Amino acid sequence: MPPHRPTPNDTFYDLVYAFVRRVPPGRVVTYGQVALELGAPAAARAVGYALHYLSVSPPTDVPWWRVINAQGRISLKGRGAAADQQREMLEAEGVRFVDGRVDLGRYRWWPAEA
DNA sequence: ATCGTGACGAACG
DNA sequence: CCGTTCGCCACGA
């Protein structure tokens, strides 16, 4: 895990943040989808890595909670309360969870809609 | 230039 | 519907 990062503002990460900022409330996108939209189909993992830093530097205008995995589930690797918090944030926006999963066919957002 | 890292993901069994 | 395996990646060291 690359410790600290001052945010150069022109890296792949910044592109991730820019894209996620466009996701409207009550909608979601997947890590792989973001990577795809950014032209790096296989960089889903890097996307998650990028969002990881948001929790490190609190004040964020990036709606990171709207990014979930391809199964429509909240990714919970090395995060405690963050995961539960994410689900709460989404439900507060109206996103329904059925059996711990989100119906991507219904909540997934595509930039074309914007 | 090379390596380790992990909020991923598709493929298996 | 699990848990595992393996491939892929950007980034900092």
Side-chain angles (χ1 to χ4, degrees):
Chain A
M1 32 139 189
H4 239 27
R5 174 181 166 269
T7 310
N9 224 336
D10 63 315
T11 65
F12 177 79
Y13 288 5
D14 297 300
L15 294 178
V16 171
Y17 304 146
F19 182 82
V20 176
R21 264 189 287 257
R22 300 176 54 196
V23 183
R27 305 300 297 286
V28 302
V29 291
T30 67
Y31 299 94
Q33 181 191 345
V34 174
L36 181 64
E37 294 294 328
L38 294 182
R45 219 168 173 176
V47 172
Y49 209 126
L51 296 182
H52 165 66
Y53 287 95
L54 296 178
S55 49
V56 181
S57 350
T60 259
D61 59 329
V62 181
W64 55 268
W65 58 89
R66 295 182 191 141
V67 185
I68 61 182
N69 63 34
Q71 334 291 308
R73 309 168 121 300
I74 305 275
S75 286
L76 354 115
K77 299 277 165 116
R79 304 170 295 148
D84 303 307
Q85 186 185 319
Q86 174 169 15
R87 173 167 175 162
E88 289 174 37
M89 298 286 274
L90 287 174
E91 294 189 304
E93 296 184 343
V95 177
R96 294 282 209 67
F97 278 78
V98 180
D99 195 42
R101 294 173 57 268
V102 169
D103 181 350
L104 287 175
R106 176 173 155 182
Y107 297 100
R108 185 198 289 263
W109 176 83
W110 292 95
E113 292 181 42

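Source: prediction; values computed, not measured. These numbers come from the heavy atoms of this one structure, side chains and all, not from hydrogens, waters or symmetry mates. So you know, we letter chains A, B, ... as the sequences are listed, proteins then strands, and number each from 1.
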Who are the salt bridge (Lys or Arg N to Asp or Glu O under 4.0 Å) partners of Glu88(A), not counting sequence neighbours? none
Are Gln85(A) and Trp65(A) packed together at the side-chain level, in the sense that at least one heavy-atom pair is separated by less than 4.5 angstrom? no
Enter the distance from Ile74(A):CD1 to Leu90(A):CG here, rounded to the nearest 0.5 Å. 5.0 Å
Mind checking whether Trp64(A) and Tyr53(A) have side chains closer than 4.5 Å, heavy atoms only? no
How would you list, by chain and number, every residue that makes a side-chain contact (heavy atoms from CB on, under 4.5 Å) with Gln71(A), sequence neighbours excluded? Asn69(A), Arg73(A)
Distance, nearest 0.5 Å, that separates OH of Tyr13(A) from CG of Leu51(A): 9.5 Å
If Ile, Leu, Val, Met, Phe, Trp and Tyr residues are connected whenever their side-chain heavy atoms lie under 4.5 Å apart, and connections chain through other members, are Leu104(A) and Phe97(A) in the same group? yes
Ignoring hydrogens and angles, tell me if any N or O in the side chain of Gln86(A) forms a donor-acceptor pair with the backbone of Val67(A) under 3.5 Å. yes
What side-chain donor-acceptor pairs closer than 3.5 Å can you find for residues 31-46 of chain A, not counting sequence neighbours?
residue	atom	partner	partner atom	Å
Gln33(A)	OE1	Thr30(A)	N	3.2
Gln33(A)	OE1	Arg108(A)	NH1	2.8
Gln33(A)	NE2	Trp109(A)	O	2.8

Expected output: side-chain Asp103(A) to main-chain Gly105(A) donor-acceptor under 3.5 Å: yes
Summary of salt bridge (charged side-chain N to carboxylate O under 4.0 Å, His left out) pairs that have at least one residue in residues 62-72 of chain A, sequence neighbours excluded: Arg66(A)-Glu93(A)
Nucleotide dT5(B), atom P - distance to CZ of Phe12(A) in whole Å: 21 Å
For nucleotides 3-5 of chain C, give me every protein contact, N/O to N/O, under 3.5 Å, one pair per line with atom names.
none

Tell me the salt bridge (charged side-chain N to carboxylate O under 4.0 Å, His left out) pairs involving residues 22-36 of chain A, sequence neighbours left out? Arg27(A)-Glu113(A)
Please measure how far the P atom in dC8(C) lies from the corresponding atom in dC12(B), and state the result in whole Å. 14 Å
Could you list the residues that satisfy side-chain hydrogen bond (donor to acceptor under 3.5 Å, both in side chains) with Arg21(A), not counting sequence neighbours? Asp61(A)
Let me know the distance between CG of Leu54(A) and P of dG6(B), rounded to the nearest Å. 18 Å
Nearest-Å distance for atom pair CD1/P, residues Ile74(A) and dC8(B): 12 Å
Protein-nucleic acid N or O pairs under 3.5 Å, nucleotides 9-13 of chain B:
residue	atom	partner	partner atom	Å
dG9(B)	OP1	Gly32(A)	N	3.1
dG9(B)	OP1	Ala70(A)	N	3.4
dG9(B)	OP2	Ala70(A)	N	2.9

Separation of dC9(C) atom C1' from Leu38(A) atom CG, nearest Å, is 12 Å
Which string of ( ) [ ] | and . matches DNA chain B, if you list each base 5' to 3' and count Watson-Crick or G-U pairs only when both distances are under 3.5 Å? .|||||.||||||
To the nearest Å, give me how far apart OH (Tyr13(A)) and P (dA10(C)) are. 10 Å
In numerical order, the residues of residues 81-98 of chain A whose heavy atoms come under 4.0 Å of DNA chain C are none
